[in-house]
Amino acid sequence: VLAAPAWASHPNPPAIPFEQQTAAGVPVPAGGVVNTNEIRLRTAASSSTCIADFTLEFEIRPISTPFSGVVTHTSAPLNIPTCTTGVVYPYTLITGLAAGAHHWQVREKSNPGGAFSAFVPFNTGNTAFTVNLGLTASPTSVPFGNQRVGVVSQPVPVVFTNFGTSSVTV
């Protein structure tokens, strides 16, 4: 019987946490805004994590709630058969998020041994993303008479000011 190397049962903290919107796979910068109650999270395994099945354990909280070390979401298992540097986990879909600012941290857990690394906070524990559920639809352009004005590629607030004598209906 071959014994697993010591590093297989004691994962190191994950590296390079990353977040992405679910719609169209748009990266979300630290402190960014998502207009849905879902986000996709992932990270890279540390260079010495290998020879086992691993999962990521996430703790996601409103920014007003301090981290407690209690896992709120878990990724699907990933088998890392060799000591390959830079293995990147697939995205984990996080759903049901409440409106407002959130922060998150992640750790790596070995399976079936159950050992886990220290948590690594995204954006040093500051606001990771803000869920904005107030926008339901956004035009790509606004018709105004026979003209189209205000071409946008993503949802943005639009303010109309009428400087003329004709009424404007929005």
With Thr43 as partner, the option from Val88, Leu56, Thr92 fulfilling side chain to side chain contact (heavy atoms under 4.5 Å, CB included) is Leu56
Going by distance alone, is a donor N or O of one side chain under 3.5 Å from an acceptor N or O of the other, for Glu59 and Ser68?
-> yes
Counterpart residues, salt bridge (Lys or Arg N to Asp or Glu O under 4.0 Å), relative to Arg40 (two or more places apart) = none
Residues that, via side-chain heavy atoms closer than 4.5 angstrom, fall in one hydrophobic cluster with Val70 | none
Counting N and O atoms only, with roles assigned by atom type, does the side chain of Thr72 sit under 3.5 Å from a partner on the main chain of Phe58, one being a donor and the other an acceptor?
-> yes
Just wondering, do Ile60 and Leu97 contact through their side chains at under 4.5 Å, heavy atoms?
-> yes
Out of curiosity, does Phe129 fall in the hydrophobic cluster containing Ile63 (side-chain heavy atoms, cut-off under 4.5 Å, transitive links)?
-> no
ILVMFWY cluster membership beyond Phe18 - transitive side-chain contacts under 4.5 angstrom | Tyr91
Between Ser110 (side chain) and Phe54 (backbone), is there a donor-acceptor pair under 3.5 Å?
-> no
Starting from Phe119, walk the hydrophobic network (Ile, Leu, Val, Met, Phe, Trp, Tyr; side-chain heavy atoms closer than 4.5 Å) and list everyone else you reach, by chain and number.
-> Val71
Who pairs with Pro77 by side chain to side chain contact (heavy atoms under 4.5 Å, CB included), at least two apart in sequence or on another chain?
-> Thr55
Any donor and acceptor pair, going by atom type alone, linking the side chain of His103 with main-chain N or O of Pro66 inside 3.5 Å?
-> no
Contacts of type salt bridge (Lys or Arg N to Asp or Glu O under 4.0 Å), residue Glu57, not counting sequence neighbours | Arg107, Lys109
